[in-house]
Amino acid sequence: MIYKVTLNNKIYEVEVEEGKAMLLDEYEAMAPAAPAPAAAPAAAAAPAVVQSGPSASVVAGNQIKAPLPGTVLSVKVSMGQQVKSGDVLMVVEAMKMENDIVAPADGTVKQILKDKGAVVATGDVLMVI
């Protein structure tokens, strides 16, 4: 079988047969260009998943960013909650593995930008403490 695997903005075409794998091709991944009319409805639907909305600015503070792409399985804290360094803030699933997103320092949760079920990319701001 031939599989296409995307990793770090590169697409690898791999053929796998009976315990053997062979790289067939490697090329840069291109982001699909979204037409302007399609972008407006997507932005309107976003607030259902994102608590602070796509046009809302991120408040000042310690930004907690996604270390890897995945899906938010759960949010373990709420707005205004006090957290300590090492406390689990969120759980992000990537490649069928659950990854705890922990607080890097003590503080108060000021803003939660991604909710349960949100798909996140590497570097997306998840919350601010």
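Residue numbers run from 1 in the order of the sequence given.
- Residues Ala105 and Asn62 approach most closely at CB-ND2, 4.2 Å, considering heavy atoms.
- Considering every non-hydrogen atom in both Gly86 and Val102, the closest pair reads O-CG1, 3.7 Å.
- No path of Ile, Leu, Val, Met, Phe, Trp and Tyr side chains, each step under 4.5 Å between heavy atoms, connects Leu73 with Ile112, placing them in separate hydrophobic clusters.
- In terms of heavy-atom proximity, Ser85 sits nearest to Pro104 at OG-O, 3.4 Å.
- The distance from the CE atom of Met90 to the NZ atom of Lys116 is 12.5 Å, given to the nearest 0.5 Å.
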* **Pair Lys76-Asp87, side chain to side chain contact (heavy atoms under 4.5 Å, CB included): steps then yes or no** => CA-CA 9 Å; Lys76 302 288 187 179; Asp87 285 354; over 6 Å; no
Practice problem: Begin with the C-alpha distance, continue with both residues' side-chain angles, and end with the deciding distance and a verdict on side chain to side chain contact (heavy atoms under 4.5 Å, CB included) for Met127 and Leu113. | Solution: CA-CA 5 Å; Met127 68 178 57; Leu113 294 154; 5.9 Å; no
message = Does Gln82 form a side chain to side chain contact (heavy atoms under 4.5 Å, CB included) with Thr108? I'd like the steps, not just the answer.
response = CA-CA 4 Å; Gln82 293 284 334; Thr108 303; 2.8 Å; yes
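- The environment of CD in Glu93 is crowded: more than 12 heavy-atom neighbours from other residues, nucleotides or ligands sit within 6.0 Å.
- Leu68 and Ala94 make their closest contact through CD1-CB, 3.4 Å (heavy atoms, listed as atom of the first residue, atom of the second, distance).
- By the rule that hydrophobic residues join a cluster once side-chain heavy atoms approach within less than 4.5 Å of another member, Val88 and Val83 end up as members of separate clusters.
- Val77 and Val92 end up in the same hydrophobic cluster when Ile, Leu, Val, Met, Phe, Trp and Tyr side chains are linked at under 4.5 Å.
- With a 4.5 Å cut-off on side-chain heavy atoms, Ser78 and Val109 do not count as touching.
- Of the candidates Ile129, Val128, Leu126, Val128 is the only one forming a side chain to side chain contact (heavy atoms under 4.5 Å, CB included) with Gln111.
- Minimum heavy-atom separation, Lys114 to Val75: O-CG2, 3.8 Å.
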